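The structure under discussion appears below in the form of structure tokens.
In what follows, chains are A, B, ... by sequence order, proteins preceding strands, each numbered from 1. Note that this is a predicted model, so its numbers are computed, not measured.
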Protein chains: 2
Amino acid sequence: MKFEAVTIKDIAKALGLSTSTVSRALRDSYEISPETKKLVLDYAEKINYQPNPIALSLKERKSHSIGVIVGEIANNFFSQIINGIESVAKEEGYNVIISQSHESFDKESSNLQYLTSRSIDGLLVSVSAETLNFNNLKAIHDKGMPIVFFDRIVDEIETHKVIVDNFTGAYNATSHLIEMGYSNIAHICNASILSIAKERLAGYLSALKDHGMENDESLIKYCKHGGMIAQELEDALKELLKNKRKPDAIFASSDKLTTGCLRILKKKKISVPNDIGLIGFSNGDLTDLLDPPLSVVRQPAFEMGQLAIRMLLPLIESKYPVTSFETKVLSTELIIRNSTKHQPERVLK
Amino acid sequence: MKFEAVTIKDIAKALGLSTSTVSRALRDSYEISPETKKLVLDYAEKINYQPNPIALSLKERKSHSIGVIVGEIANNFFSQIINGIESVAKEEGYNVIISQSHESFDKESSNLQYLTSRSIDGLLVSVSAETLNFNNLKAIHDKGMPIVFFDRIVDEIETHKVIVDNFTGAYNATSHLIEMGYSNIAHICNASILSIAKERLAGYLSALKDHGMENDESLIKYCKHGGMIAQELEDALKELLKNKRKPDAIFASSDKLTTGCLRILKKKKISVPNDIGLIGFSNGDLTDLLDPPLSVVRQPAFEMGQLAIRMLLPLIESKYPVTSFETKVLSTELIIRNSTKHQPERVLK
DNA sequence: GCCGTTTACGCAAACGATGTCGGGAACGAT
DNA sequence: ATCGTTCCCGACATCGTTTGCGTAAACGGC
């Protein structure tokens with residue numbers, strides 16, 4: 001059963017005008033007399049005329065839709081980003097089509113394929129944890145599709161990018177742990193190929209070094225599915241706990257890894273923060289209510305989303321290929337709560 | 001800068017054929033000779049031809065997009081529903097356009113307006129907490145737009161609907177509180193106009209009655225913005241705590257209200273579950289890690305999403321108006337954790 | 001009264017694809 | 001040789017809208 005819409009032709013017929021006249025009247029062209037304009041406008045209003053966006057898209061070769069690829073919308077970080085994107089998109093008359101990679105390379109590829117086949121005007125992408133090569137993205141970009149990367153960027157593709165200062169975020173989180181008295185600090189991160197994983201690892205290492213602590217490779221664990229597969233995190237943690245240098249604190253690199261750690265530690269009856277301190281990147285809205293309340297590195301996700309689309313639109317609307325690109329870097333915020341609070345030694349003081 | 005796509009014309013020109021022949025060859029029409037078909041198919045493959053969905057939409061007067069209106073995607077309940085919707089949509093070749101009401105009637109109306117102007121084929125709706133009248137929805141539905149309601153349905157509009165058994169969910173939650181020894185059970189719910197609020201209230205009242213407890217109006221509080229405005233929940237709770245019959249347990253009607261209660265009670269240093277027991281509808285994925293772990297009524301959100309779109313598609317694709325509708329009711333699940341655990345009296349036993 | 005200019009509108013092509021119709025070529029049957 | 005089929009394929013219209021161009025009518029200047 002279809003939804004019958006009124007077209008410009010209906011107006012033309014009803015008023016005894018041509019479609020061109022109606023079209024121009026609606027667009028307030030100088031070629032149309034004020035009387036005719038009023039006639040058309042009033043009638044259009046009366047029958048609630050809505051221009052058909054599909055016809056317009058065909059004519060303009062622009063769909064006014066942009067595709068967004070995120071890990072999963074259930075993740076607060078991404079849902080906040082999407083809110084930022086949508087707030088701008090709506091203002092500017094763009095549609096947003098969201099697709100989720102669920103951190104799988106295959107899903108990401110098929111989403112990419114799907115989105116481009118749906119003729120979108122541009123793409124906002126945060127690559128999945130599993131992504132090993134960027135050939136698909138590169139091919140699409142080379143064909144002229146405007147892309148802006150956010151969060152998990154791709155160095156190999158030259159375009160605008162929006163990230164946070166992952167290095168400093170990780171540096172501060174690690175330094176905080178050190179200052180709280182933790183000395184064997186483990187780091188659980190995403191697949192090592194990811195930009196965010198590299199930067200956060202570097203921040204972690206730099207903080208250790210600056211505080212005169214040595215780097216111990218056995219305290220660094222990679223979760224190449226970003227924690228989407230529960231087992232990989234469980235294995236990583238198991239290895240850490242069996243490690244001859246046993247960690248007394250964990251810095252986790254993502255939302256899922258952080259809360260995942262907490263869940264496993266609880267199951268193993270390991271007390272946070274007394275046995276092990278825990279801090280991680282997270283934009284969850286319940287971290288303050290957890291047991292214990294989590295110390296987190298928070299990212300300005302809403303702003304990232306806004307910025308990303310604000311950078312994308314000029315690429316879409318530019319008549320000539322853009323050749324100069326920039327990478328915007330936003331700051332993270334360190335929120336200290338009880339999960340990194342007291343070391344046993346400190347309690348005794 | 002635009003993304004130049006290859007069209008059927010390019011193929012026709014390159015092969016010295018007409019566009020109609022190419023079109024038919026691609027659609028494997030019997031009117032085309034096997035040789036020509038192979039020629040066209042091979043060439044199309046080679047230059048990676050993708051049919052333009054916009055042109056198709058214009059021709060077929062179908063956009064192959066459906067609109068979804070939810071409260072907010074940051075809410076796990078809704079993001080799970082969306083996952084369910086997308087899983088089916090993708091299979092069936094439909095696009096999903098998500099819009100968030102943020103529980104505001106104005107935003108819902110403008111989203112509705114926006115979605116219909118984008119020529120969608122159908123609509124999946126869970127009305128906002130603030131929605132006072134359904135005139136907009138009704139007008140759109142009367143014009144022939146297929147709509148399926150889920151979660152928060154609208155009785156006044158006759159169409160397919162998907163809900164959970166809110167009555168039983170609430171009944172079981174309330175009964176559980178009673179069985180745990182709580183006797184002054186408050187209920188915090190959404191705007192009283194909402195279907196879910198009515199049904200859950202009824203379940204709550206019925207459980208009280210069946211256990212020989214009397215209904216006390218002063219223990220029932222409505223949050224007409226669904227907890228989106230922090231103050232309203234804080235006020236509701238303040239009143240409850242000042243009430244002459246002071247509640248020793250709270251049954252909250254939604255995710256946001258449940259975790260919101262917990263946050264406020266913590267701030268007021270009121271212990272859950274010792275001072276006050278807490279249970280609520282929630283699909284959050286961290287409720288087990290909260291302090292205390294929350295007892296919840298969980299809804300099969302993913303299935304609801306799948307069911308909703310599965311009911312919508314026939315409405316869209318039917319050639320004649322559908323006049324017979326059904327309402328599917330799914331079961332909720334009661335998950336018992338510590339937030340409803342022990343009453344002081346019980347501890348002493 | 002002739003011509004140039006302005007005003008106000010219509011015609012038709014175009015965007016990419018599909019579908020209806022019609023027709024040329026090849027073939028067999030008579 | 002003529003006719004009827006069948007097989008392939010092209011011309012054209014169409015979906016709803018915009019836009020370049022053409023043009024009739026009105027008007028003003030001399």
Look at the side chain of [X] and decide which nucleotide, out of [options], has an atom nearest to it.
X	options	answer
Arg27(B)	dT18(D), dC15(D), dG19(C)	dG19(C)
Arg24(A)	dT18(D), dA17(C), dG10(C)	dG10(C)
Ser18(A)	dG10(C), dA11(D), dC15(C)	dG10(C)
Pro34(B)	dC9(D), dC8(D), dT18(C)	dC8(D)
Lys9(A)	dT17(D), dG16(C), dT18(D)	dT17(D)
Glu31(A)	dT17(D), dG10(D), dC9(C)	dC9(C)
Ile8(B)	dT18(C), dC8(D), dT18(D)	dT18(C)
Ile32(B)	dC9(D), dC9(C), dA17(C)	dC9(D)
Tyr49(B)	dG10(D), dT17(D), dA17(C)	dA17(C)
Thr7(B)	dC8(D), dC9(C), dA17(C)	dA17(C)

For atom [atom1] of [X] and atom [atom2] of [N], their distance in whole Å:
X	N	atom1	atom2	answer
Leu15(A)	dC9(C)	CG	C1'	14 Å
Leu39(B)	dC8(D)	CG	P	15 Å
Glu35(B)	dC7(D)	CD	P	13 Å
Tyr30(A)	dT7(C)	OH	P	10 Å
Glu60(A)	dG16(D)	CD	P	17 Å
Asp28(B)	dC8(D)	CG	P	13 Å
Leu17(A)	dT17(D)	CG	C1'	16 Å
Leu26(B)	dA17(C)	CG	P	9 Å

(message) If we check side chain to side chain contact (heavy atoms under 4.5 Å, CB included) with Val22(B), which of these qualifies: Thr36(B), Leu15(B), Leu17(B), Thr7(B)?
(response) Leu17(B)
So, does [X] get its side chain near the phosphate of [N], meaning an N or O under 4.0 Å from OP1 or OP2?
X	N	value
Thr36(B)	dC9(D)	yes
Ser33(A)	dC9(C)	yes
Arg61(A)	dG16(C)	yes
Ser23(B)	dT18(C)	yes
Ser20(A)	dC11(C)	no

(message) Return whichever of Val22(B) or Leu58(A) has its heavy-atom-nearest nucleotide of DNA chain D closer to the 5' end.
(response)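 Nearer the 5' end of the strand: Val22(B).
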(request) Could you label the plane-to-plane angle of the Phe78(B) and Phe150(B) rings as parallel, tilted or perpendicular, counting under 30° as parallel and over 60° as perpendicular? (result)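 The rings of Phe78(B) and Phe150(B) stand perpendicular, inter-plane angle above 60°.
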(message) Regarding Ile54(B), tell me which of base, sugar-phosphate or nothing describes its non-hydrogen contacts under 4.0 Å with the strands shown.
(response) nothing
(message) Check this for me: does the side-chain of Lys59(A) come within 3.5 Å of the base of dT17(D) through a donor and an acceptor?
(response)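 Looking at the base of dT17(D), it does not pair with any donor or acceptor on the side chain of Lys59(A) (distance under 3.5 Å).
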Less than 4.0 Å between a side-chain N and a carboxylate O, is that true for [Y] and [X]?
X	Y	value
Glu130(B)	Lys107(B)	no
Arg310(A)	Glu91(A)	yes
Glu303(B)	Lys328(B)	no

(request) Give, for atom OG1 of Thr19(B) and atom CG of Asp10(B), the distance between the pair rounded to the nearest 0.5 Å. (result)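 Going from OG1 on Thr19(B) over to CG on Asp10(B), the span is 11.5 Å.
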